[in-house]
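Below is one structure, written out as structure tokens; the observations come after it.
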2 protein chains.
Amino acid sequence: MANRNEKLRSHCPVNFALEAIGDRWSLLIIRDILLNGKQSFGALLESDEQIATNILSERLVRLVEMDIIWRQRDPHDGRKFVYDTTPKGDALLGVVLELGAWGAQYDPQTVAPQGTSAQYYADRTGTIEKARLSLVKRRGSAPGPIQV
Amino acid sequence: MANRNEKLRSHCPVNFALEAIGDRWSLLIIRDILLNGKQSFGALLESDEQIATNILSERLVRLVEMDIIWRQRDPHDGRKFVYDTTPKGDALLGVVLELGAWGAQYDPQTVAPQGTSAQYYADRTGTIEKARLSLVKRRGSAPGPIQV
DNA sequence: CGTTTCAGTTGCGTTATGCAAGTAACCACA
DNA sequence: TGTGGTTACTTGCATAACGCAACTGAAACG
């Protein structure tokens with residue numbers, strides 16, 4: 001699991017990244033925020049992978065602590081929080097897309113997730129720049145789901 | 001952990017990749033084979049992250065089962081095996097480099113791992129193509145460590 | 001032929017994950 | 001204003017994964 005303050009096994013940059021987000025759930029949460037526009041606990045719960053509430057809760061705390069996402073109260077509903085990626089979280093887009101490209105290539109039963117176009121996974125060439133532009137556009141305008 | 005034959009949580013390509021290699025060790029092993037030219041059990045054991053023998057053993061079996069790496073007896077030493085990536089494993093290079101780029105950017109204490117040039121992590125632009133060329137060159141010639 | 005190297009395996013304690021159930025704060029409506 | 005539903009959690013407990021240390025069997029070395 002992504003550890004918090006314990007000493008790292010090494011300072012190889014690949015290892016640093018894996019200790020931060022190299023567990024089974026963190027990158028799925030980041031995928032949902034970056035690509036599927038999910039920004040609340042409830043929305044993140046509804047993904048196909050069926051994350052448990054306690055795990056989602058703990059991961060969100062960790063990701064906030066690591067400054068990969070941040071949260072604020074929903075101004076329109078006092079029960080809810082709004083979660084969104086920080087620039088450090090946005091910088092994981094390349095990782096998510098590379099994983100997606102590999103998965104799409106080697107999973108014989110691959111499907112594009114709901115609300116996400118298969119073209120973002122189909123080929124790697126140009127994909128990262130393309131999605132990054134979507135993200136810039138999103139950041140530049142009012143916050144909300146991006147339709148990729 | 002990367003599971004084997006149990007049913008996947010979903011067929012989202014990102015999830016498929018995470019279920020295959022989304023644990024704390026698999027991508028470090030792939031990093032060592034792809035970037036650091038390590039090809040034996042003993043060499044893989046010596047990395048800074050100090051993987052345990054039982055975990056390395058199990059991960060190598062899994063990676064072979066998934067056709068991400070393959071192994072053969074060392075023709076020069078009957079005790080040893082030679083491990084190397086398959087094309088499916090080579091295709092994870094982009095994932096490794098994206099993780100490395102992110103880690104190098106956000107780990108204040110980052111270091112380039114032994115035998116690996118920092119330039120491969122320092123910036124993402126062109127990095128993937130560059131390393132891929134190294135890999136193609138390596139595959140084209142006799143198998144052996146690549147010095148990146 | 002004894003010693004060392006190599007690639008593991010085994011045993012066992014610790015940590016992480018996953019499921020089900022429960023809770024406090026808040027909102028929507030009568 | 002109170003009642004029921006929603007949201008974002010927390011708790012308890014079982015199971016699975018991880019990690020350390022010690023051990024093994026086959027091959028190489030001297």
Side-chain angles (χ1 to χ4, degrees), chain A residues 1-10 15 18-29 32-33 38-66 69-84, chain B residues 1-10 15 18-29 32-33 38-66 69-84:
Chain A
M1 244 289 306
N3 66 12
R4 291 189 228 211
N5 298 319
E6 307 94 51
K7 42 196 157 307
L8 293 170
R9 295 172 300 185
S10 84
N15 182 58
L18 288 174
E19 297 212 32
I21 44 80
D23 68 283
R24 278 212 285 310
W25 293 110
S26 297
L27 280 172
L28 292 178
I29 295 168
D32 280 342
I33 298 176
K38 300 189 175 181
Q39 298 193 313
S40 66
F41 192 92
L44 290 166
L45 258 191
E46 285 167 10
S47 294
D48 288 344
E49 292 86 10
Q50 295 279 59
I51 189 170
T53 56
N54 55 345
I55 312 247
L56 176 56
S57 180
E58 195 211 1
R59 287 305 182 284
L60 290 171
V61 169
R62 282 179 188 269
L63 290 171
V64 168
E65 281 179 358
M66 291 189 289
I69 65 174
W70 58 281
R71 74 170 204 175
Q72 61 177 349
R73 290 210 163 271
D74 188 327
H76 306 301
D77 187 336
R79 295 167 301 179
K80 295 171 97 167
F81 290 96
V82 177
Y83 295 94
D84 205 353
Chain B
M1 241 290 306
N3 67 10
R4 292 190 227 210
N5 297 321
E6 306 94 51
K7 41 197 159 305
L8 293 170
R9 295 172 300 184
S10 84
N15 183 58
L18 288 174
E19 297 212 35
I21 44 80
D23 67 285
R24 279 212 284 309
W25 293 109
S26 296
L27 280 171
L28 292 178
I29 294 168
D32 280 341
I33 297 176
K38 300 188 176 182
Q39 299 195 313
S40 66
F41 191 93
L44 291 165
L45 259 189
E46 285 167 11
S47 294
D48 289 343
E49 291 87 10
Q50 296 280 60
I51 189 170
T53 55
N54 55 343
I55 312 245
L56 176 56
S57 180
E58 195 210 2
R59 287 305 182 284
L60 289 171
V61 169
R62 281 178 189 270
L63 291 171
V64 168
E65 282 178 359
M66 291 189 288
I69 64 174
W70 57 281
R71 75 169 203 176
Q72 60 177 347
R73 290 213 162 268
D74 188 327
H76 305 302
D77 186 338
R79 294 167 302 178
K80 295 172 97 169
F81 289 96
V82 177
Y83 295 94
D84 205 352

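The figures that follow rest on heavy atoms only: side chains count, while hydrogens, waters and symmetry mates do not. Letters A, B, ... are given to chains in the order of the sequence lines, protein chains preceding strands, and every chain is numbered from 1.
When every heavy atom of B/Trp25 is checked against every heavy atom of B/Glu49, the shortest pair comes out as CH2-O, 3.4 Å. Of all the heavy atoms in A/Leu45 and A/Ala52, the pair that sits closest is CD2-C, 4.4 Å.
Distances shown here put a side-chain N or O of B/Ser57 below 4.0 Å from the OP1 or OP2 atom of C/dT9. In terms of phosphate contacts, B/Arg71 brings a side-chain nitrogen or oxygen within less than 4.0 Å of OP1 or OP2 of C/dG8. Regarding contacts with the backbone of D/dT7, every side-chain N or O of A/Tyr83 stays at 4.0 angstrom or more from both OP1 and OP2.
Between B/Phe81 and B/Arg73, some side-chain heavy-atom pair lies under the 4.5 Å cut-off. Between A/Ser26 and A/Arg62 there is no side-chain heavy-atom pair separated by less than 4.5 Å. Side-chain atoms of A/Leu44 and A/Leu60, non-hydrogen and from C-beta on, do get closer than 4.5 Å to each other. The side-chain heavy atoms of B/Phe41 and B/Leu56, taken from C-beta on, include a pair separated by under 4.5 Å.
Rounded to an integer number of Å, the gap from B/Leu18 CG to D/dA17 P is 16 Å. Nucleotide D/dA16 holds its C1' atom 14 Å from the CZ atom of B/Arg9, rounded to whole Å. Rounding to whole angstrom units, CZ of residue A/Phe41 and P of D/dT6 are separated by 16 Å. Nucleotide D/dT15 holds its P atom 16 Å from the CD1 atom of A/Ile55, rounded to whole Å. Look at CZ on A/Phe81: it is 12 Å from C1' on C/dA24, rounded to the nearest Å. For the pair B/Gln39 CD and C/dA7 P, the computed distance is 12 Å after rounding to whole Å.
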Restricting to nitrogen or oxygen on both sides, can you table the protein-nucleotides 22-30 of chain D pairs closer than 3.5 Å?
residue : atom : partner : partner atom : Å
D/dA28  : OP1  : B/Gly78 : N            : 2.8

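Heavy-atom distances to DNA chain C give each of A/Gln50 and B/Ser40 a nearest nucleotide, and the one nearer the 5′ end belongs to B/Ser40. Between A/Asn54 and A/Lys80, the residue anchored nearer the 5' end of DNA chain D, judged by the nucleotide with its closest heavy atom, is A/Lys80.
Comparing D/dC18, C/dT17, C/dG18 by their nearest atom to the side chain of A/Trp25 picks out C/dG18.
A salt bridge between A/Asp23 and A/Arg59 is present, with a side-chain N of the basic residue lying under 4.0 Å from a carboxylate O of the acidic one.
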Item to complete: Begin from the C-alpha positions of A/Ile69 and A/Asp84 and carry the test side-chain contact (heavy atoms from CB on, under 4.5 Å) through to its verdict.
Response: CA-CA 5 Å; A/Ile69 65 174; A/Asp84 205 353; over 6 Å; no
Item to complete: Assess whether side-chain hydrogen bond (donor to acceptor under 3.5 Å, both in side chains) is satisfied between B/Asn15 and B/Glu19, documenting all intermediate values.
Response: CA-CA 6 Å; B/Asn15 183 58; B/Glu19 297 212 35; 2.9 Å; yes
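Between the two ends of the helix from C/dC1-D/dG30 to C/dA30-D/dT1, each summarised by a five-pair axis, the helix axis turns through 20° (rounded to 10 degrees).
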